[in-house]
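Have a look at the structure below before the remarks.
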Amino acid sequence: MEKIKGSEALMLALKNEGVKTIFGYPGGSIMPVYDALYDYTRGEKKAFEHILVRHEQGATHAAEGYARVSGEVGVAIVTSGPGATNTLTGVADAMLDSTPIVVIAGQVPIAALGTDAFQEVDLVGVAQPIAKWSYQIRHAEDIAWAVSRAFYIARSGRPGPVVLDFPKNAQTEWVEFVPQKVDFVRSYVARPKLDMQAINQAAQLINQAKKPLALVGQGVELGHAQEELKTFLEKAGIPAGRTMLGLSALPSNHPLNMGMLGMHGNYAVNLKEQECDVLVAIGMRFSDRVTGNTNTYARQAKIIHLDIDKSEIDKCVKTDVAVVADCKDSLPALTALIQPNDHREWVDSFLPLAEKERVKVIEPAIHPKAGPLLMGEVVNAVAQQAPDNVVLVTDVGQNQLFATRYFKYHHQRSICTSGGLGTMGYGMPAAIGAAFGSPERTVCCFMGDGGFQMCIEELGTIMEQQCPVKMILLNNHYLGNVRQWQDMFWQHRKSFTKMMNPCYELIAQGYHINYEAVVDRADLPAAVERMFAHEGPYLLECAILEDDDVLPMTPPGNSIDGMMLEIGK
């Protein structure tokens, strides 16, 4: 068998895993890999499309966006030292949000390890607490096995990030490449066996319930169980709330969809968590942003928790029945045992609360009568004109909360946002990844002026790739979410949240990206129409009221039934 260098063996191993797109940034310790990439991105050997980002953190967020919309593993390749450490925010983000990515970082040769060589860092040690698996490929003969194992771990079970540290000697050594396929790791149970006793117990509770409520998380989408979810809900007649990451697991217009859970979610579904008698949590982790004060959370309810990850059971909220399995397996098994029902009176009881929110919060937010533009009306204007197949990407802050509240979700895998880590600067690179992960779909990315400036260099990637991302910049000259909390909880002491911003028109012009600014609401619909009519990338800057607040809100540490529809009320 012909021997090849380790760098080319990596190319073949990635090809063997079905990789099509790589996001990366070259450097000294990964240069042999990039030399191999030269041949594998063109000519007869072409197997990959490589997207040159402008910052290594951007590579990981782009890989996340790619994974979220495509359902495949996202891949980032970077160099050692600062190149590797720059990826760690993205690795932590992917870990908290269960996003399957593989980060491959260069490293100094193993003979130089421990000598404080130029751009040496203990990447495996640093990444281990925030990754699903981290491993150093010390010799070329280990490449095929390590890459296959990395992809298996990243995509199986509860997905997550894997970090491969790739010393330079392993990249340049000669090896006879033999493809490997890892589908088993000792002591790692990727797909737990379904416990039918637990399923029976859960079905009994649901059949006896008078006021059941389902909480739908991203696990439904990760398990490709959207149809199984709908069948379950419709047979049992159970109303459902969705976590932020689970918003597109159930279409916005589904009659049993009662809205978004959480601190800034919808009023009715949050209050009804405190009234339901059986709560069915499906592929969600009972985040503090959903539960509020756990000492007062759903104390009246019997709690059923369906999750693939045993470590999530009883971690935040004590459950009565735990079903540890893939929801692709557990939902159909549960559906088979539940009795048909409609719970019409219970479902209808959500309506007055929803109407109260509509009158007090939603209508004033999306149809204001006067004054500067509001974030809610911009999101609503974009949502009204967006194509049916649109993917929502957000940065973090008020833009995220308004966008997720007022956008509409028609198809699965339609939202990319940083949930657990709350990473500012996530939006634009994730939107780039989403555009490559599902090129047939329109990608809309909402950003605040703070988050936009944390990833502004990725406009270079958008320019070079002519990536057709529709960027909506909600500019209020503040770090808006922090400003809101300062106003509400810190006596209006706005400590370093006011921002002096650059001229975004000139920046867009410098990157050859179409730009338009909207100040008057009368101009908003036509501007949105022009944005969607343009085939390439587009930056739409909207001048927003400086003290626009996100409501409803459950103050931190409070019970969720203390959710406020107005500031101070």
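A distance of 11.5 Å separates OG of S349 from NE2 of H343, quoted to the nearest 0.5 Å. With values rounded to the nearest 0.5 angstrom, D329 atom CG is found 9.0 Å from E228 atom CD.
Of all the heavy atoms in A354 and A268, the pair that sits closest is N-CB, 3.9 Å. For F532 against P387, the heavy-atom pair with the smallest separation is CE2-CD, 3.9 Å. Across all their heavy atoms, I560 and G292 have their closest contact at CG2-N, 3.9 Å. The shortest heavy-atom contact between A225 and C327 is CB-SG, 3.8 Å. Of all non-hydrogen atoms in Q274 and T296, the two that sit nearest each other are NE2-O, 2.8 Å. When all heavy atoms of T21 and F436 are compared, the closest pair comes out as CG2-CB, 4.4 Å.
Side-chain contact check for S248 and S414: no donor-acceptor pair (N or O, by modelled atom type) lies under 3.5 Å. Side-chain contact of N389 with E440: a donor-acceptor pair under 3.5 Å is absent, judged by distance alone. Using modelled atom types and a 3.5 Å distance limit, the side chains of S98 and Q218 yield no donor-acceptor pair. Between the side chains of S559 and D561, at least one donor N or O sits under 3.5 Å from an acceptor N or O. Side-chain atoms of T99 and R68 form a donor-acceptor pair, as typed in the model, at a separation below 3.5 Å. A donor and an acceptor atom, one from each side chain of E273 and Y297, are located under 3.5 Å apart.
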task = Assess whether salt bridge (charged side-chain N to carboxylate O under 4.0 Å, His left out) is satisfied between D277 and K210, documenting all intermediate values.
result = CA-CA 7 Å; D277 58 3; K210 303 299 182 187; over 6 Å; no

ask   = Are I362 and E357 close enough, and set up right, to give a side chain to side chain contact (heavy atoms under 4.5 Å, CB included), and what steps lead you there?
value = CA-CA 6 Å; I362 296 175; E357 180 186 1; 4.1 Å; yes

query = Between R158 and R285, does a side chain to side chain contact (heavy atoms under 4.5 Å, CB included) hold up when you go through it step by step?
reply = CA-CA 12 Å; R158 179 179 181 175; R285 58 187 178 85; 3.9 Å; yes

message = What verdict does the side chain to side chain contact (heavy atoms under 4.5 Å, CB included) test give for Q57 and T423, after you've listed the backbone C-alpha separation in whole Å, the side-chain angles of each residue and the deciding distance to 0.1 Å?
response = CA-CA 11 Å; Q57 183 178 335; T423 306; 3.8 Å; yes

task = Dump the intermediate steps for side chain to side chain contact (heavy atoms under 4.5 Å, CB included) on F402 and D548, then the final yes or no.
result = CA-CA 10 Å; F402 275 109; D548 192 8; 3.8 Å; yes

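Shown here is K328, whose NZ atom has more than 12 heavy atoms of other residues, nucleotides or ligands within 6.0 Å.
At least one donor-acceptor pair closer than 3.5 Å links the side chain of Y152 to the backbone N or O of D183. N207 places a side-chain N or O within donor-acceptor distance of the main-chain N or O of A203, the cut-off being under 3.5 Å. Between the side chain of N257 and the main chain of S252, a donor-acceptor pair closer than 3.5 Å is present.
Side-chain contact between P537 and V469 is absent, with no heavy-atom pair separated by less than 4.5 Å. Side-chain atoms of V382 and F446, non-hydrogen and from C-beta on, do get closer than 4.5 Å to each other. No side-chain heavy atom of R289 sits under 4.5 Å from any side-chain heavy atom of T243. With contacts defined as side-chain heavy-atom distances shorter than 4.5 Å, the pair K470/V390 does not qualify.
Judged by the 6.0 Å distance and 45° axis criteria, K272 is positioned over the aromatic ring of F350.
Residues meeting the salt bridge (Lys or Arg N to Asp or Glu O under 4.0 Å) test with R242, sequence neighbours left out: none. Legend: residues meeting salt bridge (Lys or Arg N to Asp or Glu O under 4.0 Å) with E234, ordered by chain and number and at least two apart, are absent.
The pair E546-K494 does not meet the salt-bridge criterion, since no charged nitrogen lies less than 4.0 angstrom from a carboxylate oxygen. Using a 4.0 Å cut-off between a side-chain N of Lys or Arg and a carboxylate O of Asp or Glu, D549 and R483 qualify as a salt bridge.
In this structure, W485 and F489 have perpendicular ring planes: the angle between them is above 60°, well past the 30° mark.
Tested against S418, the residues D93, T394, D395, T89 include a single side chain to side chain donor-acceptor pair (under 3.5 Å) partner, D93.
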